[in-house]
Amino acid sequence: MAVPEEVRRRVEALRAEIRRHDHLYHVLDRPEIPDAEYDKLFRELVALEEAYPELVTPDSPTQRAGAPPAEEFRPVPHAIPMLSLQNCFSLEEFREWDERVRRAVGDPEYVCEPKLDGLSVELVYVDGVFTLGSTRGDGRVGEEVTANLRTIRQLPLRLFPLDGKVPRLLEVRGEVYMEKAAFRKLNEERAKRGEPEFANPRNAAAGSLRQLDPAVTASRPLKLFLYHVGRVEGLELRTQVELLTTLPKLGLPVNPRWRVCRTVDEVEAFYQELLRERERLPYATDGMVVKVNDFRAREALGEIARAPRWAIAYKFPAEEAVTRVREIAVQVGRTGALTPVAILEPVEVSGVTVSRATLHNEDEVHRKDVRAGDWVVVRRAGEVIPEVVRPLPERRTGDEVPFRMPTHCPACGGPVVRPPGEAAHRCENISCPARIKESIRHYASRRGADIEGLGEKLVDTLVERGLVRRISDLYRLRKEDLVPLPRMGEKSAENLLRAIEGSKGLPLPRLLYALGIPHVGERAAELLAEHFGSLERLSAAGEEELTGIRGVGPEIAASVRSFFQNEENRKLVAELVALGVAGKGAPARGPLAGKTFVFTGALDGLTRAQAEKLVESLGGRVASGVSRNVDYVVVGRDPGEKLVRARELGIPLLTEAEFRALGGG
Ligand code: IVH
């Protein structure tokens with residue numbers, strides 16, 4: 001049966017439209033139509049292809065998945081070998097390479113690109129149609145992975161024409177990779193199913209692409225960037241810049257983060273830029289590739305030992321290193337949580353010496369199966385605390401000792417419990433010296449009360465000598481307590497006392513954070529301070545009111561509640577208030593002292609900021625939302641929802657004139 005001409009035309013039109021939207025969505029991140037619209041186009045194409053199977057072509061967007069599993073990977077020779085790159089690890093080494101290039105070709109222009117940590121592949125397009133895809137293999141012969149590559153949505157099955165035509169032949173090369181977030185998610189899912197996790201995004205990408213069953217590859221979130229070509233016919237590319245700007249026009253994805261550099265200084269500046277950005281980039285990168293831009297200059301430079309002379313990988317410092325675990329110690333935090341910590345033989349990671357790494361909790365130690373004596377991979381990414389990534393079981397001798405969580409606190413000998421539903425074991429003794437030390441340290445820390453001169457060692461001494469048992473004791477220290485302590489003199493004792501005294505004026509949010517209430521970080525502390533305005537009010541708050549605050553979830557609410565229900569903590573708060581550490585922003589002197597105001601609608605004679613300043617200058621405070629703690633709601637022109645809420649709660653309403661009168665005009 002002949003296919004009607006209008007069906008043929010409709011199928012072609014649908015394919016062109018779907019290709020365009022695939023490109024917009026997967027390559028440019030700029031979808032033009034909602035998913036539902038796209039699905040409609042796609043379903044129409046599927047229906048037509050089902051009705052007229054003779055119209056199905058391998059480059060149809062419907063043909064990405066669905067190829068049957070292969071028996072083995074077919075070898076594919078690369079017409080032009082896929083080379084590797086020489087490396088350098090420092091500016092000095094890079095300079096030497098640059099000098100060699102300059103001697104050979106004069107004044108070169110470089111193109112710098114992030115070095116992607118994935119798996120390199122070659123895609124062959126014949127007359128614009130994706131016909132063959134292979135891995136690098138040994139550089140001369142790779143493995144055929146065409147069906148697997150087809151499942152990568154960024155890979156065009158057919159190229160867009162350029163000036164009305166597509167190249168006769170295009171062998172294009174690049175990297176298949178997995179984004180860091182997708183890698184973490186994949187590993188989490190695998191852990192849940194009890195499957196082995198991938199060690200890094202590169203292994204995950206390689207493992208996903210080298211699958212005999214393309215359906216498995218299709219289920220993995222692989223991505224693609226192209227950066228090089230093999231044979232090209234019917235298209236002229238003379239420089240890397242031309243290559244990087246032409247490939248996207250054909251629909252091929254290119255990493256936009258590249259730069260032309262003319263001097264070593266410019267190269268170094270871009271390197272430093274990428275290094276700072278590294279953590280935030282969605283993909284893993286282990287360095288920067290510097291390439292001579294001009295292809296004729298590349299020919300003149302040639303290659304050596306399977307690597308081109310015209311390019312070099314300027315590597316970033318390793319984020320991972322291998323070292324031995326001396327022991328697994330257990331640390332007691334200020335909340336009593338017991339954290340297993342790997343004590344390591346010191347090793348340099350990203351330019352910093354690391355001698356301990358967190359293991360988070362008991363489950364984590366067992367999941368990773370880290371044992372005392374193990375060789376392990378440690379990782380330090382950006383600001384993050386170093387962590388043990390995985391052990392190297394192949395290096396085990398049999399003398400390694402599996403970890404067991406102690407049944408008694410290593411600091412005070414008290415019993416250790418694991419509350420149901422929690423990952424952490426806890427020491428429940430609130431007088432545990434380790435807990436006290438940590439809570440004092442946290443209180444004195446930069447982002448807390450910021451007490452200069454109260455360092456770790458001194459905290460240890462103060463707690464061990466019984467001079468400090470809780471935070472309030474800091475404010476009772478006298479000079480004669482301090483002077484006899486090691487490394488302490490008259491002068492430093494006076495300075496410390498002055499710093500402690502100075503912390504009495506601490507703003508309320510900082511004080512709340514410094515108290516170290518579990519789950520109350522800086523953000524939650526701000527929200528709580530804004531809502532309650534004083535330590536006393538917060539300590540009397542019920543759980544319902546707490547959860548009513550936007551941004552305060554049930555976990556924080558329960559934690560705040562239980563903190564202030566604890567007898568010891570209540571005593572602490574009372575003492576702090578008595579000692580004058582109430583947290584600034586608390587009810588002060590003035591006609592509006594202790595009163596909380598909320599504004600809704602516009603005022604006539606004052607801006608909102610001026611009105612808020614006025615309240616504060618008179619000792620009151622301003623909240624952003626209406627709750628039972630609010631004393632007055634000032635109603636201006638065009639009031640909003642807050643007025644409704646105030647009426648519901650029966651909170652006194654003030655006109656602007658009344659408000660002014662209250663403030664003394
Ligand atoms: S250019 C011979 N550019 O690094 C020149 N390679 O260690 C072809 N790689 O096999 C490579 N990102 O898999 C080039 N922007 C980039 C790259 C890159 C990652 C990989 C590639 C290569 C390996 C060499």
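In listed order, ligands and their atoms are each counted from 1. What you see below is based on every heavy atom in this structure, not just the backbone, and it leaves out hydrogens, waters and symmetry mates.
Between F225 and Y177, the ring planes are parallel. Angles under 30° get that label, and only those over 60° would be called perpendicular.
Between the choices E175, H228, R202, the shortest heavy-atom distance to atom 8 (C) of ligand 1 belongs to H228.
Of all protein heavy atoms, the one lying nearest to atom 12 (N) of ligand 1 is L116 N, 3.0 Å. Summary of contacts: the protein heavy atom closest to atom 9 (N) of ligand 1 is Y227 OH, 3.4 Å. Of the protein's non-hydrogen atoms, E113 OE1, 2.8 Å is the one closest to atom 15 (N) of ligand 1.
Within the 4.0 Å heavy-atom cutoff, M82 does not count among the residues contacting ligand 1. A313 does not count as a contact of ligand 1, since none of its heavy atoms falls under 4.0 Å from the ligand.
Remark: the backbone N or O of F89 is paired with a side-chain donor or acceptor of E93 at under 3.5 angstrom.
Applying the salt bridge (charged side-chain N to carboxylate O under 4.0 Å, His left out) test to E327 and every residue at least two apart in sequence or in another chain returns nothing. In terms of the salt bridge (charged side-chain N to carboxylate O under 4.0 Å, His left out) criterion, R306 has no residue partners (sequence neighbours excluded).
The shortest N/O to N/O separation between K291 and ligand 1 falls below 3.5 Å. For ligand 1, none of its N or O atoms has an N or O atom of V289 under 3.5 Å away.
In summary, of the residues considered (E113, R173, E175, K291), a side chain to side chain donor-acceptor pair (under 3.5 Å) with Y227 occurs for E175 alone.
Of all the heavy atoms of K115, the ones lying under 4.0 Å from any atom of ligand 1 are found in both the backbone and the side chain. Using a 4.0 Å cut-off between heavy atoms, P114 contacts ligand 1 through its backbone alone, with no side-chain atom that close.
Outside the 6.0 Å centre-distance limit, the rings of Y38 and Y25 are not counted as a close aromatic pair. For W97 and Y110, the ring centers sit closer than 6.0 Å to each other.
Counting the atoms of ligand 1 from 1 in the order shown, those under 4.0 Å from a heavy atom of P308 are 2 (C). Listed by number with element, the atoms of ligand 1 under 4.0 Å from a non-hydrogen atom of S120 are 10 (O), 13 (O).
Using a 4.0 Å cut-off between charged side-chain N and carboxylate O, R158 and D127 make no salt bridge.
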